[in-house]
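The structure appears right after this line, and notes come after that.
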Amino acid sequence: MNVIEQALKNELKQAVSKAFSLDLPFEDIIIEVPKLKEHGDYSTNLAMRLVKIIKGNPRALAQTLIESIDFKASGIKSADIAGAGFINFKMDTLFLSSIIQTIIDANADYGTTVQNEPLWFNVEYVSANPTGDLHPGHARGAAIGDSLTRIMSKAGYKVTREYYLNDAGNQINNMARSLQARYLQACGLDMAVPEDGYHGKDLIEIAANLKDEVGTAYKDMDLDESLTHFRTYGLQAETDKLKEDLKKFRVEFDVWTSERSLYDQGLVKKTLDTLVANGHTYTADGALFLKTTDYEDDKDRVLIKSDGSYTYILPDIAYHLNKKQRGYDKLVDLLGADHHGYIGRLQAAFQALGYKKEDLYVDIIQMARMIKDGEEFKLSKRTGKAVALKDLIDEAGVDALRYYFVSRASDTHMDLDLDMASKQSNENPVYYAQYAHARMCSILRQGEWTMPESFERITHEKEIDLIKLMADFPQMISDAAESRAPHKVCLYIQKLATAFHTFYSECVVLKEEEPLRSQRLALVKATQITLRNALECIGVEALEKM
RNA sequence: GUCCUCAUAGCUCAGCUGGAUAGAGCAUGCGCCUUCUAAGCGCACGGUCGAGGGUUCGAGUCCCCCUGAGGACGCCA
């Protein structure tokens, strides 16, 4: 909660109680920042809302309210009635500037919320199959997921970052057969990659490495017999590569859960037994169905095919059961848009296990179209023509890429303009923010100063703009965490950088006379801390020099 | 055909649980470096919020319908 807004809410709550003998919950008191400066620093529509409870004219109610407000205690300089009944507040600048001290004292912890009994979240993202390189869609998911977990931690939640490794399905056999073909090609044999296999260049590399290690040991082996070696080796190599690429992208996970391990622990079977025992299944056409339609899915789903084998959904249900049993309060899945049809059945199965719908959030990360030279860049995994995450990093850099992906709401379709992302210029928004930080560092490097006793000289409009924005940082983080919307942090960063650049151009710092000089230096320091903390939340480096 | 997401300035996007004259960035035009980093600042230009209904003091935001874009609809994963 923004400390200034909180002070206003406290005061308004008391005023309502005093004037109308009403005990109004805090949620009903809305404080806004007016779009127009003439409307003051903060405003409330409280009088208009009160009309629904108390009869009367909103402007008259507003007047009564104002008369009940203790201006001094809440740092209010003046309050005016405007429009249909808005109350506009101007704040005392000394009250506002005291936030500078708060920020400097908190330093890296500014913006961090401490929750007494925080909910424990498990956030699962990326979870790409270990069968090839990560593509731009995964990259977007990685950037958003990683940022979200940073933001949630800062907002005081307990967070576990998780990757689900699909190492048990048919796709692994396809990968193994493709690797087998690449290996035999490396041994000089004429062997085609299967039509439904993986054609990416990553497997050519892995095959070459394998040949370096074992020579031609698998060359003359029976194909079915050698396949198991390719499966094991390929899986390991692909997984290592995933971790390596993600690490380069500053994305790391706390837990990697293997699908195979769920089978090995008997969890898949146990999950099946539970569903059957709870009466959520039935047999038809020789297959076992899960009655997901009991929970708003549009059709029932097959768990066991008529040939006796399991469908993909069963281990996935077991996986969610497993996560819940590990003690998390809430599960969050970030899925690519191509999996959105999956939400209904997953939610249904989750409820069939006896859990509440609200304990599983499934968010969709929309696709990212790649634009290069002004044209869409079509991707095809089948032909291996996909652009890999590591290529994107080489081209645009981690900071620009992460910023770009996180800056848009995750449920919107977005274009990734590679030309723009790789441009080191003002066309690229990430540099705008980093440049602001570098400027602050430059000032702080050159100026010796001691912490001022008071900030009474901080009264300039641009100084106050900065302070109000910084006061909002903790609340913004909580809001972004709650709504699972990391892009809000990017918007905030952009606003803060703008406010600083404007301040910079209007107010000199180092050449100012004391005591204002030191007070402004403290303001710059507080801004630098806030901006750095915000950038940290999205995994973008706060550069000290550019 | 059914379902999901989206539609806001020339382009890419914001718009918090409904609030005052719908906002940024880029692009375009014009100013600003003898002063702390010009990767910057200021001003201007730019909109029937896809179309049409409805709900109310008040709608870009909520409801209905239509149009358009992307995606999902398998005893594949």
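Note that this is a predicted model, so its numbers are computed, not measured. Labels below follow one simple rule: chain letters A, B, ... track the order of the sequence lines, proteins then strands, and each chain is numbered from 1.
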Report task. Whole angstrom is fine here: how far is it from CD1 in A:Ile365 over to P in B:C6? Result -> 13 Å
Report summary line: When both distances are under 3.5 Å in a Watson-Crick or G-U wobble arrangement, the nucleotide paired with B:G10 is B:C26
Query raised in the report: Roughly, in whole Å, what's the span from CD in A:Glu32 to P in B:U17?
Result: 11 Å
Query raised in the report: Would you say a side-chain N or O of A:Tyr431 is under 4.0 Å from OP1 or OP2 of B:A39?
Result: no
Query raised in the report: Is the shortest side-chain N/O distance from A:Lys495 to OP1 or OP2 of B:G25 below 4.0 Å?
Result: no
Query raised in the report: Between A:Arg439 and B:A38, is there a side-chain N or O to OP1/OP2 distance below 4.0 Å?
Result: yes
Query raised in the report: Does B:U37 have OP1 or OP2 sitting under 4.0 Å from an N or O in the side chain of A:Ser442?
Result: yes
Query raised in the report: So, A:Arg439 and A:Glu544, do they make that salt bridge, N to O below 4.0 Å?
Result: no
Query raised in the report: Taking 4.0 angstrom as the limit, do A:Asp411 and A:Arg408 come out as a salt bridge?
Result: no
Query raised in the report: Is the distance from OP1 or OP2 of B:G25 to the nearest side-chain N or O of A:Ser407 less than 4.0 Å?
Result: no
Query raised in the report: What integer distance in Å separates A:Tyr403:OH from B:A24:C1'?
Result: 11 Å
Query raised in the report: Which is true for A:Asp316 with a 4.0 Å heavy-atom rule: it touches a base, it touches only sugar-phosphate, or it touches nothing?
Result: nothing
Report task. Could you check if the base of B:C65 is syn or anti? Syn means the glycosidic torsion is within 90 degrees of 0. Result -> anti
Query raised in the report: The side chain of A:Lys299 lies closest to which of these nucleotides: B:C41, B:G74, B:C75?
Result: B:G74
Query raised in the report: Base, sugar-phosphate alone, or nothing: which one does A:Met48 contact when heavy atoms must sit under 4.0 Å apart?
Result: base
Report task. Please state whether the phosphate of B:G42, meaning OP1 or OP2, lies under 4.0 angstrom from any side-chain nitrogen or oxygen of A:Thr502. Result -> yes
Report task. Evaluate whether atom CD of A:Glu358 has more than 12 neighbouring non-hydrogen atoms of other residues, nucleotides or ligands under 6.0 angstrom away. Result -> yes
Query raised in the report: Across all strands shown, which nucleotide pairs with B:C66 by Watson-Crick or G-U wobble geometry, both distances under 3.5 Å?
Result: B:G50
Report task. For the pair A:Lys468 and A:Asp472, find out whether any cationic side-chain nitrogen is under 4.0 Å from an anionic carboxylate oxygen. Result -> no
Report summary line: Between OH of A:Tyr342 and P of B:C4 the distance, given in whole Å, is 19 Å
Requested in this report: Would you classify A:Ala337 as touching base, sugar-phosphate or nothing, given that sugar-phosphate means primed atoms plus P, OP1 and OP2, and contacts are heavy atoms under 4.0 Å?
Outcome: sugar-phosphate
Query raised in the report: Does A:His487 have a side-chain nitrogen or oxygen under 4.0 Å from the phosphate oxygens OP1 or OP2 of B:G15?
Result: yes
Query raised in the report: Just to confirm, is there a sub-4.0 Å distance from OP1 or OP2 of B:U37 to any side-chain nitrogen or oxygen of A:Gln446?
Result: yes
**Report entry** Output field: ring centroids A:His501/A:Tyr435 closer than 6.0 Å
**Finding:** yes
Query - Phosphate OP1/OP2 of B:C41: any A:Tyr432 side-chain N/O under 4.0 Å - result: yes
Report task. Go through the N and O atoms of the side chain of A:Asn45 and the base of B:G19, and report whether any donor-acceptor pair is under 3.5 Å. Result -> yes
Report task. Could you tell me whether A:Ile364 contacts a base, only the sugar-phosphate backbone, or nothing, with contacts defined as non-hydrogen atoms closer than 4.0 Å? Result -> nothing
Query raised in the report: Do A:Ser306 and B:C75 share a donor-acceptor pair, side chain to base, under 3.5 Å?
Result: yes
**Report entry** A:Asn88, nearest nucleotide to its side chain (from B:C75, B:C13, B:A20)
**Finding:** B:A20
Report summary line: Assert: residue with more 5' nearest nucleotide on RNA chain B, out of A:Thr44 and A:Val33, is A:Val33
Query - Ionic contact status for A:Lys323 with A:Glu162, cut-off 4.0 Å - result: no
**Report entry** Ring-base stacking, A:Phe86 with B:A20 (5.5 Å, 30° cut-offs)
**Finding:** yes
Requested in this report: May I ask which nucleotide in the shown strands pairs with B:A72, Watson-Crick or G-U wobble, both distances under 3.5 Å?
Outcome: B:U2
Report summary line: The Watson-Crick or G-U wobble partner of B:U56, with both key distances under 3.5 Å, is none
